[in-house]
Undergrad: 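Before I ask anything, let me first share the structure, which is written out below as C-alpha cells.
Here is how names work: the chains are called A, B, and so on, in the same order as the sequence lines, proteins then strands, and each is numbered from 1. Keep in mind that what you see is a predicted model, and the values were worked out from it rather than measured.
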There are 2 protein chains.
Amino acid sequence: MSRSGGSAPQRDTPVLTERGGVRRAAILEAALRVIGDKGLAGLSMRAIATEAGLPLGALGYYFKTKDDLILEAFELHTRREADRVLAAFAGVGSGDHADDVAEHLTAFIRHGLTEARTSLVAEYEFLIEATRRPDLARVSRAWRQALQIQVGHVASRLGSDDPGTDAEILLSVVAGLEIDHLSTPLDPSTTQAIRAALRRTVTRLGLRGDAERL
Amino acid sequence: MSRSGGSAPQRDTPVLTERGGVRRAAILEAALRVIGDKGLAGLSMRAIATEAGLPLGALGYYFKTKDDLILEAFELHTRREADRVLAAFAGVGSGDHADDVAEHLTAFIRHGLTEARTSLVAEYEFLIEATRRPDLARVSRAWRQALQIQVGHVASRLGSDDPGTDAEILLSVVAGLEIDHLSTPLDPSTTQAIRAALRRTVTRLGLRGDAERL
DNA sequence: CTGAAACTGGAACGAACGTACAACTCACTT
DNA sequence: AAGTGAGTTGTACGTTCGTTCCAGTTTCAG
C-alpha cells in the first residue's frame with residue numbers, strides 16, 4: 001500500500017528469487033571474510049561490497065541495516081561450525097585410545113589456526129561483540145549449549161563418569177588453546193605443545209573408548 | 001628549528017611534567033574503559049576524550065596516533081594484569097589441597113566476569129586485534145610467556161611432574177571458561193559449573209601442595 | 001502483451017571520524 | 001622583565017562511514 005519503488009524487502013516474506021538468494025548468500029560470505037581479516041572494527045558496508053564484487057546499493061537491498069547483516073553472518077557461521085564440530089567428533093570411535101582422541105582434537109585446532117584461521121578469528125570477534133549485543137548473545141548461548149551437549153555425548157561414549165563437566169573442560173581447553181595461539185604463527189613446536197596439553201587433559205580425564213561402561 | 005606552536009612531543013624524551021603525566025595516564029585509563037564497554041570498533045578519540053573529561057585536542061598532544069594510544073593501553077593492561085595474576089597465585093600455598101587451588105581459580109574467574117568485566121572484555125579485544133597488528137602481537141606473546149612461566153612455578157610447587165604442560169592446560173582452561181561465559185550473566189549455577197570444571201581439572205592433574213616432592 | 005514485483009546500481013545525504021593546527025595560558029629560568 | 005617551552009584547547013580539514021533514494025532493468029504470472 002505504501003511502498004512504491006524498489007525498496008528493501010524488510011519485513012514479512014522477502015520473496016527472493018534464486019538469483020536474489022545467491023547474491024544474499026554471497027554478501028554474507030563476503031562479510032565473514034572481511035570480519036575474519038579486518039575485524040568488526042574494519043567491517044564496512046563498502047568493504048563487504050568490494051569483497052563480494054557488488055555495488056554498495058545491493059547491500060541495502062538485502063539487509064535492512066549493518067547490524068542485521070552481522071547477526072545473520074554470525075548465525076551462518078555457527079550453523080556451519082556446528083556441522084564441522086559434529087563431523088570432527090564423528091571420527092572419534094568408541095574403540096579409540098586416549099591418544100587417538102587427543103589427536104583428533106589437535107588436528108581440529110591445527111585446522112582452525114591455519115587453513116580456517118580467518119573463520120576462527122571471525123568467530124572470536126563475534127563472541128566478544130556478543131558481550132554488548134543481546135541478539136548476538138542469544139545466538140552465542142544457543143550455539144555453546146548445543147556444542148556442550150554434543151561433546152557431552154562424546155565424553156559419555158568415551159567412558160566419562162561426568163560428561164557435562166568433561167564437556168565443559170574440553171570446550172574450554174580447546175577455546176583457550178585457540179585464543180592463546182592465535183597471535184603466534186603455528187610452528188611445529190607450538191603444535192607439539194598443543195598436542196601435549198590435549199593428551200594430558202584427555203588422559204587425566206580418563207577419556208578412552210575402551211573403558212568399561214557403567 | 002621547524003616547529004613553532006605547541007605541537008606534540010612525538011619522538012625522543014617527551015619531558016612530561018607531573019601534571020602532564022597525570023593527564024597522559026588518565027587518557028590511557030579512559031581508553032581501557034571505552035574499549036571494555038564499546039569495543040575497539042566503538043573506540044574513537046572523541047569517546048576517549050569524553051570519558052576522560054578532556055578536550056579532543058589533548059589526545060593529539062600526548063599520543064601521536066590512535067594506534068600508538070591503543071598499543072600503550074594494551075601494555076598498561078598487561079602490566080596490571082600480570083600483577084593481579086601473580087597476586088592471585090601468591091595465595092596458593094604449598095599446604096593447600098586440590099580443592100583450595102580450584103577455589104582460588106574460581107574466585108579469579110568470578111572476579112573477571114563481574115567486578116572486572118570491563119577489563120576482561122578489553123583484554124580479549126586486544127588479543128583478537130593482536131592477530132592483525134604485529135606490535136600488539138609482540139606484547140601479547142611476551143605477556144603470555146611470562147604468565148606461563150609464573151603458572152609453571154606454581155604448578156611445580158603443587159607437585160606437578162610436568163609444570164610446563166600443566167601451566168598450558170590451566171591457562172587455557174581459565175581463558176576458555178572466561179570466553180565461554182562472557183556473554184552470559186554470571187548466575188550461581190554458572191559459578192557452580194565453573195567451580196566443578198576447575199575442581200576436576202586440578203584434581204585430575206594431581207595439583208596439590210601436600211604431594212611428595214621428587 | 002502487460003503490468004507488477006523483484007532486482008540493479010550509481011549518486012547523494014548528514015554524521016562521525018582521525019588528525020593537524022595555531023593561538024593561548026602558565027611555570028620557571030635567566 | 002623578558003623569554004622559553006610544556007601544556008591547553010577550540011576549530012577546522014579531508015575522509016569515510018551507514019543509509020537512502022530512484023530511475024532503470026529483468027523476470028514472470030495472467
Side-chain angles (χ1 to χ4, degrees), chain A residues 1-28 30-31 34-35 38-73 129 133, chain B residues 1-28 30-31 34-35 38-73 129 133:
Chain A
M1 211 73 68
S2 58
R3 267 188 285 121
S4 55
S7 184
Q10 39 192 38
R11 270 307 80 208
D12 52 60
T13 44
V15 196
L16 292 182
T17 63
E18 185 191 330
R19 183 167 152 77
V22 169
R23 273 202 160 196
R24 226 185 106 95
I27 292 171
L28 290 175
V34 174
I35 293 172
K38 304 202 196 187
L40 277 166
L43 181 76
S44 71
M45 298 299 259
R46 283 166 178 84
I48 299 173
T50 301
E51 175 73 25
L54 293 174
L56 176 60
L59 273 64
Y61 181 74
Y62 291 101
F63 301 93
K64 211 157 97 73
T65 65
K66 186 186 173 187
D67 283 350
D68 284 349
L69 202 163
I70 292 174
L71 173 61
E72 284 208 45
E129 187 69 7
R133 283 182 50 176
Chain B
M1 223 150 303
S2 57
R3 266 187 287 122
S4 55
S7 184
Q10 39 193 41
R11 271 307 81 208
D12 53 59
T13 44
V15 198
L16 291 181
T17 63
E18 185 191 330
R19 183 165 152 76
V22 168
R23 273 204 160 194
R24 225 185 106 95
I27 291 171
L28 290 175
V34 174
I35 293 172
K38 304 201 196 188
L40 276 167
L43 181 75
S44 70
M45 298 299 261
R46 283 166 177 83
I48 299 173
T50 302
E51 175 74 26
L54 294 174
L56 176 60
L59 275 63
Y61 182 75
Y62 291 102
F63 300 93
K64 212 158 97 73
T65 66
K66 186 187 173 187
D67 282 350
D68 284 350
L69 203 163
I70 291 174
L71 173 61
E72 283 208 46
E129 187 69 7
R133 282 183 51 178

Undergrad: For nucleotides 12-18 of chain C, give me one character per nucleotide, 5' to 3': B if any protein heavy atom sits under 4.0 Å from the base, S if the only such contacts are to the sugar-phosphate, - if neither.
TA: B----BB
Undergrad: Does a side-chain heavy-atom distance below 4.5 Å link A:Ile70 with A:Glu129?
TA: no
Undergrad: I need the B:Leu28 CG to B:Arg23 CZ distance, nearest 0.5 Å.
TA: 13.5 Å
Undergrad: In whole angstrom, what separates A:Leu40's CG from D:dG18's C1'?
TA: 15 Å
Undergrad: Kindly say if A:Arg23 contacts the phosphate of C:dG9, meaning a side-chain N or O under 4.0 Å from OP1 or OP2.
TA: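 True: A:Arg23 side-chain N/O within range (under 4.0 Å) of C:dG9 OP1/OP2.
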Undergrad: Measure from CG on B:Leu54 to C1' on D:dG7 and round the result to the nearest Å.
TA: 12 Å
Undergrad: Compare side-chain N and O positions of A:Tyr61 against OP1 and OP2 of C:dC7 and report whether any pair is under 4.0 Å apart.
TA: yes
Undergrad: How far does CG of A:Leu69 sit from CZ of A:Arg24, to the nearest 0.5 angstrom?
TA: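 Those atoms lie 8.0 Å apart.
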Undergrad: Going from CE on A:Met45 to CZ on A:Phe63, what distance comes out if it is rounded to the nearest 0.5 angstrom?
TA: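 Reported value, rounded in 0.5 Å steps: 8.5 Å.
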Undergrad: Without decimals, in angstroms, what is the distance between B:Leu59 CG and D:dT9 P?
TA: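 So the CG-P distance, B:Leu59 to D:dT9, works out to 12 Å.
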Undergrad: A:Leu69 CG to D:dC17 C1': how many Å, rounded?
TA: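 To the nearest whole Å, that distance equals 15 Å.
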Undergrad: Just how far, in rounded Å, is P of D:dT9 from CD1 of B:Ile27?
TA: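 Rounded to the whole Å, the gap is 11 Å.
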Undergrad: In whole angstrom, give the distance that lies between atom CG of B:Asp68 and atom C1' of C:dT19.
TA: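 Taking atom C1' of C:dT19 as the reference, CG of B:Asp68 is at 13 Å.
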Undergrad: In this structure, how many angstroms lie between the P atom of D:dT16 and the NZ atom of A:Lys38, rounded?
TA: 12 Å
Undergrad: Between atom CD1 of A:Ile27 and atom CG of A:Leu59, what is the distance when rounded to the nearest 0.5 Å?
TA: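 Between atom CD1 of A:Ile27 and atom CG of A:Leu59 there are 4.5 Å.
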Undergrad: What residues form a side-chain hydrogen bond (donor to acceptor under 3.5 Å, both in side chains) with A:Asp68, not counting sequence neighbours?
TA: none
